[in-house]
Amino acid sequence: MFALVDGNNFYVSCERVFRPSLQGRPVVVLSNNDGCAIARSNEAKELGVAMGAPWFQIRHLAESDGLVALSANFPLYGDMSDRVMSLAAGLGPQQEIYSIDESFVGLHGVRGDLTERSRRVRDRILQWTGIPCGIGIGTTKTLAKLANHIAKTAERKPTSYPGEMSQICNLSALSAQTLEATLAATDVGEVWGVGRRIGAQLRDAGVQTVWDLARMDPATVRSRWSVVLERTVLELQGVPCIGLDDEPSPKKEIASTRSFGRPITDLAPLIEAVSEFVGRAAEKLRKQSGLASQVLVFAHTSPHRTGPRFNRSITLPLRRPTADTALLAQAALSGVRRIYEPGYQLTKAGVMLLDLLPDHVQQGELNLDQDTGPDRSRLMSALDALNFRYGKGTLHLASTGVPGESRQWGMRQERRTPNYTTNFMEIPVARA
DNA sequence: TCTGGGGTCCTAGGACCC
DNA sequence: TCTGGGGTCCTAGGACCC
């Protein structure tokens with residue numbers, strides 16, 4: 001048995017904890033550069049604001065309907081998330097933190113009335129953090145997720161489901177008839193794992209509701225769609241196929257990407273941006289004690305605008321896996337120089353660290369040379385500690401190799417060994 | 001004028017091998 | 001017309017998630 005605990009309109013709810021005057025008003029939280037809406041209050045949803053709606057398309061609602069827009073404050077949301085998660089953990093013996101606002105709780109061995117227990121946990125979270133949650137319970141993760149959707153929808157739209165399902169919905173406690181009626185009243189697109197594409201295909205095939213999907217033959221689903229959808233069908237039928245991921249597994253890739261506030265055309269600001277991306281990505285990498293074997297860099301023009309299109313990426317294999325910002329930056333910047341071409345309005349770029357390994361693998365098996373040895377590793381630790389203490393971006397390495405560029409700092413003048421300068425291998429440029 | 005930033009998994013198809 | 005039959009590994013791209 002699983003529960004899914006999910007904060008309602010999470011970012012908006014976090015903001016409301018500190019600005020109670022926002023209660024009852026239509027509120028959205030905007031992405032970076034205030035580009036688009038990434039969280040909406042119920043009132044904003046009522047106004048028809050879609051998830052991901054560009055701000056310039058909905059800003060008129062500020063005047064007409066008092067829509068309030070806030071710039072995202074991710075450190076705050078992360079902090080609130082930690083508090084909610086630790087309270088949600090009280091629901092059962094195991095917890096998988098699935099996203100910033102959601103966690104699955106394994107209920108194996110928990111006795112008593114699960115619905116009542118969930119009610120108490122929900123109340124405690126609300127009282128201690130100010131964040132309202134929905135809790136869904138089911139025999140599989142997919143059913144718990146669905147139950148959570150029903151709990152939240154029943155609260156927001158009182159006519160959609162029976163009132164008892166509001167806030168807490170335990171699908172495993174329903175009679176067969178009620179369960180059927182509930183699943184039949186829910187659109188197939190609400191199922192975890194059924195997105196826009198598959199949803200449309202299912203509807204074309206006459207599968208409209210969750211009940212329709214749950215009744216399908218798994219083997220048929222597998223041959224006509226995929227093993228992924230087959231698992232979903234089995235889970236809807238109560239056959240657990242997706243286990244609880246107790247401890248967070250190390251990331252297999254780490255990305256740092258951003259849209260630019262205004263388009264970039266020159267190489268220098270692009271290099272500057274990519275240097276920062278590498279710094280952030282490398283920090284995440286060191287936090288999980290990992291090493292990267294490849295670095296990918298990309299840049300592109302806006303897909304929403306007319307004009308010359310540019311969309312390139314390059315993957316640079318490293319001779320040795322590393323977590324050293326300078327070495328990663330060196331590879332990334334050489335990549336930038338190779339894909340860069342003047343004459344384009346670049347709106348987004350990013351860095352991805354690929355083929356990640358745990359760092360103990362290398363230390364046991366390879367001899368580190370001086371540039372990647374203990375001194376460099378301690379320098380990186382100091383860098384991370386300072387940035388943690390004084391805020392992200394307090395200190396970063398100067399970009400290497402751009403004559404006359406500003407913000408030079410220590411690393412650039414360092415002695416270089418052959419390995420240092422040839423840590424990545426040359427490969428052809430990928431063009432899309 | 002203005003459109004987020006992360007991730008994961010699966011599959012198809014090509015390269016290469018015997 | 002017809003052009004072996006498997007394997008494995010890698011990559012690109014699709015689809016999904018929050």
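Per chain, numbering begins at 1; letters A, B, ... match sequence-line order.
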Visitor: For DNA chain B, please output the secondary structure as dot-bracket, reading 5' to 3'. Pairs are Watson-Crick or G-U wobble, both atom distances under 3.5 Å; mark crossing pairs with [ ], other-strand partners with |, unpaired with a dot.
Guide: ....||||||||||||||

Visitor: To the nearest 0.5 Å, tell me how far Asn311(A) CG sits from Ile339(A) CD1.
Guide: 9.0 Å

Visitor: What about the rings of Phe2(A) and Phe104(A), do their centers lie closer together than 6.0 Å?
Guide: no

Visitor: In whole angstrom, give the distance that lies between atom CZ of Phe298(A) and atom P of dG5(B).
Guide: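 Rounded to the whole Å, the gap is 9 Å.
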
Visitor: Can you name the residues that form a side chain to side chain donor-acceptor pair (under 3.5 Å) with Asn42(A), not counting sequence neighbours?
Guide: Asn9(A)

Visitor: CD1/Ile264(A) to NZ/Lys348(A) distance, rounded to the nearest 0.5 angstrom?
Guide: 13.5 Å

Visitor: Is a side-chain donor-acceptor pair under 3.5 Å present for Asp101(A) with Ser99(A)?
Guide: yes

Visitor: For Tyr77(A), check ring-ring contact (aromatic ring centres under 6.0 Å, His included) against everything at least two apart and list the hits.
Guide: Tyr11(A), Phe74(A)

Visitor: Can you tell me the distance, in whole Å, between the CD1 atom of Ile314(A) and the P atom of dA12(C)?
Guide: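 In whole Å, dA12(C) P lies 12 Å from Ile314(A) CD1.
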
Visitor: Tell me which donor-acceptor pairs under 3.5 Å the side chains of residues 194-204 of chain A have, and how far apart each pair is, sequence neighbours excluded?
Guide:
| from | atom 1 | to | atom 2 | distance (Å) |
| --- | --- | --- | --- | --- |
| Gln201(A) | OE1 | Trp225(A) | NE1 | 2.9 |
| Arg203(A) | NH1 | Gly199(A) | O | 3.4 |
| Arg203(A) | NH2 | Asp187(A) | OD2 | 2.8 |

Visitor: Just checking, is any N or O donor in the side chain of Thr315(A) or Gln294(A) under 3.5 Å from an acceptor N or O on the other one?
Guide: no

Visitor: What is the distance, to the nearest angstrom, from the CG atom on Leu30(A) to the C1' atom on dG5(B)?
Guide: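 Whole-Å distance recorded here is 15 Å.
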
Visitor: Any side-chain N or O of Arg305(A) less than 4.0 Å from the OP1 or OP2 oxygen of dC2(B)?
Guide: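 So the side chain of Arg305(A) is within the cut-off, an N or O lying under 4.0 Å from OP1 or OP2 of dC2(B).
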
Visitor: Provide, to the nearest angstrom, the distance between the CZ atom belonging to Phe277(A) and the C1' atom belonging to dG4(B).
Guide: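 Distance, rounded to whole Å: 12 Å.
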
Visitor: For Ser41(A), what residues pass the side chain to side chain donor-acceptor pair (under 3.5 Å) criterion, not counting sequence neighbours?
Guide: Glu43(A)

Visitor: Which pairs with one or both residues in residues 53-82 of chain A pass salt bridge (Lys or Arg N to Asp or Glu O under 4.0 Å), sequence neighbours excluded?
Guide: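 Applying salt bridge (Lys or Arg N to Asp or Glu O under 4.0 Å) to every pair that reaches into residues 53-82 of chain A, excluding sequence neighbours, yields Asp79(A)-Arg83(A).
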
Visitor: Can you name the side-chain contact (heavy atoms from CB on, under 4.5 Å) partners of Pro250(A), sequence neighbours left out?
Guide: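 side-chain contact (heavy atoms from CB on, under 4.5 Å) check on Pro250(A) returns Gln288(A).
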
Visitor: Taking everything shown except His108(A) itself, do over 12 heavy atoms lie less than 6.0 Å from its NE2?
Guide: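 No - once you tally the heavy atoms of other residues, nucleotides and ligands closer than 6.0 Å, there are 12 at most.
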
Visitor: How far, in whole Å, is dT3(B) from dC18(C) if one measures between their P atoms?
Guide: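 Nearest-Å result for dC18(C) against dT3(B) at atom P: 25 Å.
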
Visitor: Report the residues that fulfil side chain to side chain donor-acceptor pair (under 3.5 Å) with Arg231(A), sequence neighbours left out, ordered by chain and then residue number.
Guide: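 In terms of side chain to side chain donor-acceptor pair (under 3.5 Å), with neighbours along the sequence ignored, Arg231(A) is linked to no residue.
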
Visitor: Nearest-Å distance, CZ (Phe260(A)) to P (dG4(B))?
Guide: 13 Å

Visitor: On the nucleotide dG6(B), are OP1 or OP2 found under 4.0 Å from the side-chain N or O atoms that Arg258(A) carries?
Guide: yes

Visitor: For every nucleotide of nucleotides 13-18 of chain C, 5' to 3': is a protein heavy atom under 4.0 Å from its base (B), only from its sugar-phosphate (S), or from neither (-)?
Guide: --SSSS

Visitor: For Asn32(A) and dG6(B), give me the distance from atom CG to atom C1', rounded to whole Å.
Guide: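 To the nearest whole Å, that distance equals 11 Å.
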
Visitor: Would you tabulate the pairs of protein nitrogen or oxygen atoms and nucleotide nitrogen or oxygen atoms of nucleotides 7-10 of chain B closer than 3.5 angstrom?
Guide:
| from | atom 1 | to | atom 2 | distance (Å) |
| --- | --- | --- | --- | --- |
| dG7(B) | OP2 | Ala255(A) | N | 2.6 |
| dT8(B) | OP1 | Lys252(A) | N | 3.1 |
| dC9(B) | OP2 | Lys252(A) | NZ | 2.8 |
| dC10(B) | OP1 | Arg231(A) | NH2 | 3.0 |

Visitor: At a heavy-atom distance below 4.0 Å, what parts of residues 45-59 of chain A sit against DNA chain B?
Guide: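 Nucleic-acid contacts, sorted: Pro54(A), Phe56(A).
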
Visitor: Asn311(A) has an atom CG; how far is it from atom P of dA12(C), in whole Å?
Guide: 13 Å

Visitor: Would you be so kind as to tabulate the donor-acceptor pairs closer than 3.5 Å made by side chains of residues 125-145 of chain A, with sequence neighbours excluded?
Guide:
| from | atom 1 | to | atom 2 | distance (Å) |
| --- | --- | --- | --- | --- |
| Thr129(A) | OG1 | Ile125(A) | O | 2.6 |
| Thr129(A) | OG1 | Ile131(A) | N | 3.1 |
| Thr140(A) | OG1 | Leu143(A) | N | 3.2 |
| Thr140(A) | OG1 | Glu235(A) | O | 2.9 |
| Lys141(A) | NZ | Glu96(A) | OE1 | 2.6 |
| Lys141(A) | NZ | Gly243(A) | O | 2.8 |
| Thr142(A) | OG1 | Glu235(A) | OE1 | 2.6 |
| Lys145(A) | NZ | Glu102(A) | OE1 | 2.8 |

Visitor: OP1 or OP2 of dG5(B) sitting under 4.0 Å from any side-chain N/O of Lys348(A)?
Guide: yes

